[in-house]
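Okay, structure first, notes after.
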2 protein chains.
Amino acid sequence: MKSVTKFVKVVTNMGHRKIPESTISRLFVYLREIASLANMNIRTISSGELGERLNLSDAQVRKDLGYFGQFGVSGSGYDTNELKAALEKILGKNKTWNVAVVGVGHLGSALLTYPGFKEHGLNLVAAFDSDARKIGKEISGVTIEAFENMPKAVKNNKVSIGVIAVPAQRAQEVADKFVSAGIKCILNFAPTSLNVPEDVKVKDVDLSRELETLSYFLAGKK
Amino acid sequence: MKSVTKFVKVVTNMGHRKIPESTISRLFVYLREIASLANMNIRTISSGELGERLNLSDAQVRKDLGYFGQFGVSGSGYDTNELKAALEKILGKNKTWNVAVVGVGHLGSALLTYPGFKEHGLNLVAAFDSDARKIGKEISGVTIEAFENMPKAVKNNKVSIGVIAVPAQRAQEVADKFVSAGIKCILNFAPTSLNVPEDVKVKDVDLSRELETLSYFLAGKK
DNA sequence: CTTTCTTTGTGAAAAGTGTTACAAAGTTCG
DNA sequence: CGAACTTTGTAACACTTTTCACAAAGAAAG
Ligand SMILES: NC(=O)c1ccc[n+]([C@@H]2O[C@H](COP(=O)([O-])OP(=O)(O)OC[C@H]3O[C@@H](n4cnc5c(N)ncnc54)[C@H](O)[C@@H]3O)[C@@H](O)[C@H]2O)c1
Ligand SMILES: NC(=O)c1ccc[n+]([C@@H]2O[C@H](COP(=O)([O-])OP(=O)(O)OC[C@H]3O[C@@H](n4cnc5c(N)ncnc54)[C@H](O)[C@@H]3O)[C@@H](O)[C@H]2O)c1
């Protein structure tokens with residue numbers, strides 16, 4: 001095993017260029033794949049091979065990584081362990097985030113019981129519902145609290161991401177309370193457009209719309 | 001009430017122009033909002049007001065609709081009932097689609113019990129699992145069948161959309177079986193890249209990645 | 001009917017995102 | 001070592017999507 005000091009640029013967001021959100025999203029996919037490769041003791045991989053595994057072009061892989069530095073070696077590709085470490089640094093995988101869920105119905109319960117989040121540094125630390133029958137119950141080690149307690153609990157638990165899993169008519173009031181509790185990131189499952197201050201980032205996951213959009217293209221084919 | 005015959009272009013995808021997928025996705029949002037407005041007896045709305053409700057620009061609204069025809073009236077905006085009808089026609093809301101779910105765990109169960117899909121013309125008609133203890137059980141009127149039965153059941157039930165809600169390591173085999181059963185549209189919840197023929201459309205919903213991507217931007221702010 | 005105001009529909013410009021293409025760097029092998 | 005290969009990093013190009021901006025259409029008011 002060679003022991004050579006290398007001077008590879010590993011700078012988080014180098015020249016203050018604007019990075020597409022789609023790039024960030026793909027970086028997480030690269031990391032997942034690279035971690036799996038490293039785990040299988042595969043030492044290097046080229047952008048072409050990586051892209052093939054993920055259904056992306058080689059150029060896309062190189063361009064995405066290129067936003068953050070130079071991680072590859074001409075002629076042989078990327079060292080999986082090095083790239084894994086670099087991606088973990090870029091994506092802040094050393095940090096963990098506390099997440100609160102409001103609405104412990106079917107979807108909220110599924111999220112709370114999913115063991116995969118922890119592996120990604122996402123800790124679901126609190127859950128809230130307005131249904132008195134659910135309050136006090138425990139799910140995956142989290143005790144369901146009254147919705148009214150949410151702002152206090154968010155502060156006590158240092159929650160930085162809020163998940164909305166209540167019916168659409170209730171979603172805006174939950175969002176408002178998240179905002180007033182200081183939450184800056186919201187994942188919203190309710191099929192409705194939330195109004196929040198512009199420093200708050202909302203990501204909508206609208207499952208009906210995903211299926212409907214799929215069906216539209218199906219209709220076009222027939 | 002005036003009774004005037006109007007010659008408004010209501011043609012589905014007029015000049016064979018390519019329509020962005022994001023436009024289609026937004027049209028479903030417009031329809032949801034317009035239906036709600038029509039229901040509240042609001043008769044007309046301008047692109048500006050509609051955009052404001054949905055956090056979109058007026059130009060975006062007009063351009064999206066413009067792909068399919070001319071639905072507005074200068075000076076007053078869009079008639080909610082007319083636009084609702086037009087959008088329903090464009091989006092094929094007269095049709096219904098049969099959907100099959102493979103993997104009746106936490107997420108699969110949540111989907112099967114969600115009453116909202118039916119309102120969107122999405123019928124979850126079949127569910128499959130490989131766990132012998134689950135087979136034969138009923139969820140929201142759907143009896144869970146053995147995974148092996150899937151291709152036959154897909155054909156018998158005229159299923160056109162498949163949902164994958166199994167662990168990542170099992171997702172590819174489920175996708176393969178969907179493909180061999182003739183499915184052309186797949187909604188995939190497993191955090192893995194599926195390989196399918198190019199005439200099959202896969203839509204990934206990766207909840208961990210959504211949360212992680214949110215957290216990335218959170219990290220950038222601090 | 002005319003003026004004023006509102007709002008549409010749509011080319012043209014701008015911004016954003018992905019692909020192509022290739023010089024430069026590094027590897028492999030005789 | 002040198003020739004033949006492989007692969008990176010990125011500038012230039014191509015394509016997609018959004019925003020701008022305004023003429024034209026219609027509404028409203030007197
Ligand atoms: N389950 C699905 O497959 C699915 C699919 C598409 C969309 N969605 C959307 O996701 C959201 C959640 O869906 P679900 O199936 O889990 O619903 P659900 O009805 O099973 O659960 C909703 C929960 O929210 C709680 N709640 C209601 N108002 C509240 C409030 N103000 N504060 C706190 N809690 C409140 C209810 O008590 C209930 O426990 C809904 O907006 C739904 O439209 C769900
Ligand atoms: N639940 C969540 O909140 C969540 C969050 C992020 C991602 N996901 C992903 O969604 C998928 C489903 O998650 P879940 O929480 O519902 O998992 P789960 O473990 O609760 O359920 C998975 C189900 O799939 C069944 N199954 C396994 N192999 C099968 C096969 N070959 N054919 C048919 N059925 C099979 C299992 O018997 C089980 O019932 C997973 O890929 C998971 O990574 C879930």
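Keep in mind that this is a model prediction, so the values were computed, not measured. All heavy atoms count here, side chains included; hydrogens, waters and symmetry mates do not. Chain letters run A, B, ... following the sequence lines, proteins first and then strands; every chain starts at 1.
- A straight line from OH of A:Tyr30 to P of D:dT8 spans 12 Å, rounded to a whole angstrom.
- As a whole-Å value, the separation of A:Ile19 CD1 from C:dG18 P is 13 Å.
- A salt bridge links A:Lys201 with A:Glu21: at least one charged nitrogen is closer than 4.0 Å to a carboxylate oxygen.
- Atoms CG (B:Leu27) and P (D:dT17) sit 13 Å apart, rounded to a whole Å.
- Using a cutoff of 4.0 Å between basic side-chain nitrogens and carboxylate oxygens, A:Arg43 and A:Asp79 are not scored as salt-bridged.
- By the 6.0 Å contact criterion, NZ on B:Lys203 is open, its count of non-hydrogen atoms from other residues, nucleotides or ligands being 12 or less.
- Each of A:Ser74 and B:Leu65 was assigned the nucleotide of DNA chain C with the nearest heavy atom; the assignment lying further toward the 5' end belongs to B:Leu65.
- Less than 4.0 Å separates DNA chain D from at least one heavy atom of each of the following residues of residues 48-63 of chain B: B:Ser57, B:Ala59, B:Gln60, B:Arg62, B:Lys63.
- In this entry the distance linking CG of B:Asp64 with P of C:dT8 reads 14 Å, nearest Å.
- Between C:dG9, D:dT10, D:dG26, one nucleotide has an atom nearer to the side chain of B:Val73 than all others, and that is D:dG26.
- Residues A:Glu33 and A:Leu54 form a side-chain contact, since some pair of their non-hydrogen atoms from C-beta on lies under 4.5 Å apart.
- Across all strands shown, A:Thr23 has no heavy atoms under 4.0 Å from either base or sugar-phosphate atoms.
- Taking atom CZ of B:Phe71 as the reference point, atom P of D:dA25 lies 19 Å away to the nearest angstrom.
- Within a 6.0 Å sphere centred on CD of B:Glu210, other residues, nucleotides and ligands contribute more than 12 heavy atoms.
- Whole-Å rounding puts the A:Glu82 CD to C:dG26 P distance at 13 Å.
- The distance from atom CG of A:Asp79 to atom C1' of C:dG26 is 15 Å, rounded to the nearest whole Å.
- Here C:dT17 presents its P atom at 9 Å from CD of A:Glu21, a figure rounded to the nearest Å.
- Considering only residues two or more places apart in sequence or on other chains, B:Phe147 meets the ring-ring contact (aromatic ring centres under 6.0 Å, His included) condition with none of them.
- Under 4.0 angstrom from either OP1 or OP2 of D:dA25 there lies no side-chain N or O belonging to B:Gln70.
- In this model, the phosphate group of D:dT8 is not approached by any side-chain N or O of A:Ser76 to a distance below 4.0 Å at OP1 or OP2.
- Closest to the side chain of B:Tyr78, out of C:dG9, C:dT7, C:dG18, is C:dG9.
- OP1 and OP2 of C:dT7 both lie 4.0 Å or more from every side-chain N or O belonging to B:Thr44.
- The side chain of A:Ser47 contributes an N or O atom lying less than 4.0 Å from OP1 or OP2 of D:dT8.
- Heavy atoms of other residues, nucleotides or ligands lying less than 6.0 angstrom from CD of B:Glu52 number 12 at most.
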